[in-house]
Every structure is written in C-alpha cells, then in structure tokens.
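Let me begin by presenting the structure, written as structure tokens, before commenting on it.
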Amino acid sequence: MAEIHRERGFTFHVLSNDHQPAHIHIKKSGGEIKVDISDKNEVVLLDIKSEMKNKDINRALDIAEANLEKFRLK
C-alpha cells in the first residue's frame, strides 16, 4: 500500500492494481475508511474498514475532496 498523502494525522494510501472503482484508503488512529475518487467533482464514502470517529470521517472526506485531482493522478 503506497502512501500518497499525509495531512492532519491522516494517511492516504492506494493499492497498485486494485479493483474498480478508483478509490483510496484513509487511516487515522487505528481507523480506516475507503473512499471512491472516480467522480471528478466529489468523493464518496464506500466503506468503513475499522472504526473511525464521525468527525474524523468528515474531515478525511473534506481533505480527500480538496486533493481529488492529485489523488486521481496517482
């Protein structure tokens, strides 16, 4: 799992040759979510892999959306 971004305690990862739709994994404090980045305008929460606080999920989605263009190039 390659780290592509780090911000505010979150790490953003992609897996090479992973399945569709295009997505990233976001981790913080033992929690992990999976986020769809296939839309060019917004991100969509796909799965909560392990417990993450709601405020952290919302913050992670905001960061992902702000960096969407960068993530789609990875």
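One finds the CD1 atom of I48 at 11.5 Å from the CD atom of E32 (value rounded to the nearest 0.5 Å). In this structure, CD1 in I24 is found 10.0 Å from CG in L46, a value given to the nearest 0.5 Å. The NZ atom of K27 lies 10.0 Å from the CE atom of M52; values are rounded to the nearest 0.5 Å. To the nearest 0.5 angstrom, M1 atom CE is 13.5 Å from F12 atom CZ. I33 contributes atom CD1, which lies 9.0 Å from atom CG of D56 (distance to the nearest 0.5 angstrom). Q20 contributes atom CD, which lies 9.5 Å from atom CG of D36 (distance to the nearest 0.5 angstrom).
Residue E3 places its CD atom among more than 12 non-hydrogen atoms of other residues, nucleotides or ligands, all under 6.0 Å distant.
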field: Pair H23-D47, side-chain contact (heavy atoms from CB on, under 4.5 Å): steps then yes or no
entry: CA-CA 11 Å; H23 64 277; D47 190 19; over 6 Å; no

- request: Show the numbers, then the answer: is there a salt bridge (charged side-chain N to carboxylate O under 4.0 Å, His left out) between R59 and D62?
  value: CA-CA 5 Å; R59 188 171 293 140; D62 288 344; over 6 Å; no

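Annotation for A60 and F10: closest pair CB-CE2, 3.7 Å, computed over non-hydrogen atoms. The minimum heavy-atom distance linking P21 with S38 is given by the pair CB-OG, 4.0 Å. Smallest separation of non-hydrogen atoms from E42 and L68: N-CD2, 3.7 Å. Between V43 and E65, the shortest heavy-atom distance links the atoms N-OE1, 3.3 Å.
Although no hydrogens or angles enter the test, the distance criterion places no donor-acceptor pair under 3.5 Å between the side chain of N67 and the main chain of K70.
At a cut-off of 3.5 Å, with distance as the only test, no side-chain donor of H25 or K49 sits close to an acceptor on the other residue.
When hydrophobic clusters are built by joining Ile, Leu, Val, Met, Phe, Trp and Tyr residues whose side-chain heavy atoms come closer than 4.5 Å, directly or via intermediates, F71 is grouped together with I57.
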